[in-house]
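In what follows, a single structure is set out as structure tokens and then discussed.
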Amino acid sequence: MALRGPLFRLLRNNLSHSCRQSRAQSVAVLGAPFSRGQKRGGVEHGPKVIRDAGLIDRLSGLDYSVHDFGDLNFRHLEKDEPYMDVKFPRNVGGANKMLSSAVSRAIGAGHTLIMLGGDHSLAIGSVSGHAQQCPDLCLIWVDAHADVNTPMTSPSGNLHGQPVAFMLKELQDKMPDIPGFSWTKPFLSSRDLVYIGLRDVDPGEHHILKNLGIQYFTMRDIDRLGIQRVMEVTFDHLLSRKQRPIHLSFDIDAFDPSLAPATGTPVNGGLTYREGIYITEEIHNTGLLSVMDLVEVNPVLGANPEAVEATASLAVDVIASALGQTREGAHVSIRTQTPHLCDPFARE
């Protein structure tokens, strides 16, 4: 049975009687200007163009207290030789270690966090930092790509195609000791992950998805089932056992390139605007969103200023929708106090 309607709201509002902290009314925005997880320059400017497209003003209009923490200042190592064809491992590992600590601090302080990338390798740090505070989190990965290659299966060696492999406990014996990553260990079970929007999956990734029984929805599945049913099954899969924090990792290339042209690995046949916004609206409606990544906006790759503006504006729409902006017209929301799922005192 899908977790929707009055019963779902009742369950959500009675998550834990021992929690001592109300659900976060504040949103923190953190920029991660980093590009070494892939080969195309420019994605490090993603945080700036998303902010310039009006993100902070939009979120401030949604009745949140908004805290812009600025951008992390990553240290770039000039000498960073490939390891097993993995490119820039020390730079990527170091950046993610810094990001992980920053995300953990923000969640520990009670904020809902928006992480602006940067390339998708940053999800290693974002999700791991979230898991430090909320070890029972679940992960919704919206992307044209599965990003679950291991160093042995990756055709390119680019780490933005491998972040999920670092997270999954079931792949621990498939992951070598890569320089720069000694700080992190796998923390996520495959049953706690759902993919939405896949349409460019490498052979090794397909084997992993099937072998581990990971729940995923390709664009064909979305065409066949409809986005409403996809979200119902997603929530049944992740939340039917218990209500827990959601980490949403959203790659802008999940959208069709006609909508998001300024990105590094566009794939035709992607999400429509309405499908993408429906995904984030439904995640917001659970009341469980704790962290959201928005990654892979690359202004250098826009054919013209209009393409860059369209992509950045779409990113703002997606983030605002995940935080409660509706298509029903502007209105002030009336919030109820619900327990904060990451309150350490709630775990007994």
Please determine, by modelled atom types, if [X] and [Y] share a side-chain donor-acceptor pair under 3.5 angstrom.
| X | Y | answer |
| --- | --- | --- |
| T153 | N149 | yes |
| S190 | E170 | yes |
| Q132 | S100 | yes |
| S249 | D293 | yes |

Hey, is the main chain of [Y] close enough, under 3.5 Å, to the side chain of [X] for a donor-acceptor pair?
| X | Y | answer |
| --- | --- | --- |
| D221 | T218 | yes |
| S35 | G42 | no |
| S313 | A310 | no |
| N96 | G125 | yes |
| S321 | D317 | no |
| R244 | L238 | yes |
| D251 | D253 | yes |
| E282 | I279 | no |
| S121 | H160 | no |
| Q325 | L62 | no |

Can you name the nearest heavy-atom pair linking [X] to [Y], along with the distance?
| X | Y | result |
| --- | --- | --- |
| L59 | A320 | CD2-CA, 4.1 Å |
| V297 | A315 | CG2-CB, 4.3 Å |
| A303 | A307 | N-CB, 3.9 Å |
| H76 | N91 | CA-OD1, 3.2 Å |
| P89 | L159 | CA-CD1, 4.0 Å |
| P186 | L168 | CB-O, 3.5 Å |

Could you see if [X] belongs to whatever hydrophobic cluster contains [Y]? Use Ile, Leu, Val, Met, Phe, Trp, Tyr and a side-chain cutoff under 4.5 Å.
| X | Y | result |
| --- | --- | --- |
| M84 | V92 | yes |
| L209 | M152 | no |
| F217 | V201 | no |
| L301 | V49 | no |
| F187 | I107 | no |

### Message
Checking H130 against S290 for the side-chain hydrogen bond (donor to acceptor under 3.5 Å, both in side chains) test, could you report, in this order, the C-alpha distance in whole Å, the side-chain angles of both residues, the deciding distance, and whether it holds?
### Response
CA-CA 8 Å; H130 189 185; S290 183; 3.0 Å; yes

### Message
Could you go through D57 and S60, starting from their C-alpha distance and side-chain angles, then the distance that decides it, and tell me whether this counts as side-chain hydrogen bond (donor to acceptor under 3.5 Å, both in side chains)?
### Response
CA-CA 5 Å; D57 286 345; S60 298; 5.3 Å; no

### Query
So D71 and K48, salt bridge (Lys or Arg N to Asp or Glu O under 4.0 Å) or not? Walk me through it.
CA-CA 9 Å; D71 291 347; K48 181 181 188 304; over 6 Å; no

### Message
I'd like to know whether H67 forms a side-chain hydrogen bond (donor to acceptor under 3.5 Å, both in side chains) with S65, so could you lay out the CA-CA distance, the side-chain angles of the two residues, the decisive distance to 0.1 Å, and finally the verdict.
### Response
CA-CA 7 Å; H67 306 267; S65 174; 3.2 Å; yes

### Query
Would you call I319 and L55 a side-chain contact if the rule is heavy atoms closer than 4.5 Å?
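Result yes, sub-4.5 Å side-chain heavy-atom pair found.
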
Would one find more than 12 heavy atoms of other residues, nucleotides or ligands at under 6.0 Å from atom [atom1] of [X]?
| X | atom1 | answer |
| --- | --- | --- |
| N211 | CG | yes |
| N304 | CG | yes |
| E309 | CD | no |
| N73 | CG | no |
| K97 | NZ | no |

Would you give the length of the straight line joining atom [atom1] of [X] to atom [atom2] of [Y], rounded to the nearest 0.5 angstrom?
| X | Y | atom1 | atom2 | result |
| --- | --- | --- | --- | --- |
| T280 | L323 | OG1 | CG | 9.5 Å |
| Q38 | F88 | CD | CZ | 10.0 Å |
| L139 | S189 | CG | OG | 12.0 Å |
| I196 | I140 | CD1 | CD1 | 5.5 Å |
| L122 | M115 | CG | CE | 5.0 Å |
| K39 | K87 | NZ | NZ | 8.5 Å |

### Message
For a salt bridge (Lys or Arg N to Asp or Glu O under 4.0 Å) check, start with the C-alpha distance between R241 and D192, then their side-chain angles and the critical distance, and finish with the verdict.
### Response
CA-CA 11 Å; R241 297 187 300 276; D192 298 326; 3.1 Å; yes

### Task
Start with the C-alpha gap between R36 and D119, add the side-chain angles, then the distance that decides, and say whether salt bridge (Lys or Arg N to Asp or Glu O under 4.0 Å) holds.
CA-CA 8 Å; R36 293 294 183 93; D119 70 65; over 6 Å; no

Would you say the ring centroid of [X] lies under 6.0 angstrom from that of [Y]?
| X | Y | result |
| --- | --- | --- |
| F181 | F166 | yes |
| W141 | H247 | no |
| Y273 | Y278 | no |
| F69 | H111 | yes |

### Query
After noting the C-alpha distance and the side-chain angles of D80 and R90, does the key distance pass the salt bridge (Lys or Arg N to Asp or Glu O under 4.0 Å) rule?
CA-CA 6 Å; D80 190 2; R90 298 160 191 85; 2.8 Å; yes

### Pair D143-H120, side chain to side chain contact (heavy atoms under 4.5 Å, CB included): steps then yes or no
CA-CA 10 Å; D143 201 327; H120 217 165; 3.1 Å; yes

### Task
Apply the side-chain contact (heavy atoms from CB on, under 4.5 Å) test between I283 and each candidate in L248, V142, T234, L288; give the one that qualifies.
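Of the listed options, the one satisfying the test is L248.
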
